[in-house]
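Data first, discussion second: the structure below is written as structure tokens.
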Amino acid sequence: MEKSIIEHHENLKSIHLANPLDKDCAPLIVLFPAFEGHSEFILTYSHRLVDQGFQVFIADMYGNGQNLTSLSACFAAVEPFLSDRELVRKRALENVNAA
């Protein structure tokens with residue numbers, strides 16, 4: 001499995017996973033993780049999708065590819081998005097465009 005960190009606008013560091021043999025023809029799935037960011041759960045799930053023949057792009061909404069492990073850190077990171085819908089749209093589009 002090939003893993004690449006895709007750095008794009010505003011320190012966003014998304015993850016691209018693919019089987020090198022299928023990379024040019026496999027369909028791409030863009031995953032937006034739950035509020036914990038690049039957690040072990042989303043990485044394990046992504047590996048299963050790659051094993052099934054897909055490429056996976058794991059979006060980074062917070063910046064720096066964060067993996068938040070405490071509930072308080074998750075709520076602190078998601079708070080700006082709850083009050084600024086334009087920020088949600090902007091970051092989501094930046095990830096889709098990078099994918």
Side-chain angles (χ1 to χ4, degrees):
M1 182 171 313
E2 186 177 277
K3 177 180 177 180
S4 304
I5 304 298
I6 310 298
E7 295 186 33
H8 49 109
H9 196 263
E10 295 184 12
N11 295 322
L12 298 179
K13 295 180 181 174
S14 301
I15 299 172
H16 178 254
L17 298 169
N19 180 330
L21 300 175
D22 298 334
K23 190 171 157 182
D24 294 330
C25 61
L28 176 69
I29 296 174
V30 179
L31 292 179
F32 286 86
F35 72 161
E36 72 276 358
H38 291 173
S39 68
E40 192 60 38
F41 171 79
I42 199 74
L43 292 171
T44 300
Y45 180 65
S46 298
H47 283 103
R48 288 193 348 224
L49 290 171
V50 171
D51 289 342
Q52 293 175 12
F54 297 96
Q55 297 181 68
V56 178
F57 183 93
I58 305 170
D60 178 14
M61 293 293 283
Y62 303 136
N64 298 314
Q66 295 182 59
N67 174 16
L68 305 171
T69 56
S70 72
L71 199 53
S72 61
C74 290
F75 281 116
V78 81
E79 194 279 325
F81 295 92
L82 298 175
S83 59
D84 187 351
R85 303 309 292 168
E86 183 60 31
L87 177 62
V88 175
R89 267 191 302 279
K90 179 181 171 190
R91 290 279 176 92
L93 286 173
E94 288 169 0
N95 278 284
V96 169
N97 288 334

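To the nearest 0.5 angstrom, Tyr62 atom OH is 15.0 Å from Glu10 atom CD. Rounded to the nearest 0.5 angstrom, Ile58 CD1 and Ser14 OG are separated by 9.0 Å. We find the CE-CG distance between Met61 and Leu12 to be 8.5 Å, quoted to the nearest 0.5 Å. Atoms CG and CZ, from Leu31 and Phe57 in turn, are 10.5 Å apart once rounded to the nearest 0.5 Å. The structure places CG of Asn95 at 12.0 Å from NZ of Lys90, a figure rounded to the nearest 0.5 Å. Note that CG of Asn97 is 9.5 Å distant from NE2 of His8, once rounded to the nearest 0.5 Å.
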Apply side-chain contact (heavy atoms from CB on, under 4.5 Å) to Asp22 and Gln55, showing your working. CA-CA 8 Å; Asp22 298 334; Gln55 297 181 68; over 6 Å; no

Test Leu68 against Phe35 for side-chain contact (heavy atoms from CB on, under 4.5 Å), laying out the working first. CA-CA 8 Å; Leu68 305 171; Phe35 72 161; over 6 Å; no

Verdict with supporting geometry, Ile15 and Ile6, side-chain contact (heavy atoms from CB on, under 4.5 Å): CA-CA 6 Å; Ile15 299 172; Ile6 310 298; over 6 Å; no

Could you give the side-chain donor-acceptor pairs of residues 41-48 under 3.5 Å, partners two or more places apart or in another chain?
from: Thr44; atom 1: OG1; to: Glu40; atom 2: O; distance (Å): 2.9
from: Ser46; atom 1: OG; to: Ile42; atom 2: O; distance (Å): 2.7
from: His47; atom 1: ND1; to: Leu43; atom 2: O; distance (Å): 2.7

Show me the donor-acceptor pairs within less than 3.5 Å that the side chains of residues 70-80 make with the rest of the protein, sequence neighbours left out.
from: Ser70; atom 1: OG; to: Ser72; atom 2: OG; distance (Å): 3.3
from: Ser70; atom 1: OG; to: Ala73; atom 2: N; distance (Å): 3.1

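Judged as a salt bridge (charged side-chain N to carboxylate O under 4.0 Å, His left out), and not counting sequence neighbours, the contacts of Arg89 are Glu86.
The shortest non-hydrogen separation linking Val30 to Ala99 is CG2-CB, 3.7 Å. Closest non-hydrogen pair, Gly53 versus Pro27, comes out as O-CD, 3.8 Å. When all heavy atoms are compared, the tightest approach of Asn19 to Val50 is N-CG1, 3.6 Å. Residues His38 and Pro33 approach most closely at CD2-CG, 4.3 Å, considering heavy atoms.
With hydrophobic clusters built from ILVMFWY side chains whose heavy atoms lie under 4.5 angstrom apart, Met1 does not share a cluster with Leu21. If you chain together hydrophobic residues whose side chains sit under 4.5 Å apart, Ile5 and Phe32 never meet in one group. Grouping the Ile, Leu, Val, Met, Phe, Trp and Tyr side chains by contacts below 4.5 angstrom, directly or via other members, places Val96 with Leu87.
Side chain of Asp84 to main chain of Val88: no donor-acceptor pair is present (N/O by atom type, distance under 3.5 Å, no hydrogens or angles). In this structure, the side chain of Asp60 engages the main chain of Gly65 through a donor-acceptor pair within 3.5 Å. In this structure a side-chain-to-backbone donor-acceptor pair under 3.5 Å is missing from Glu2 to Ala18.
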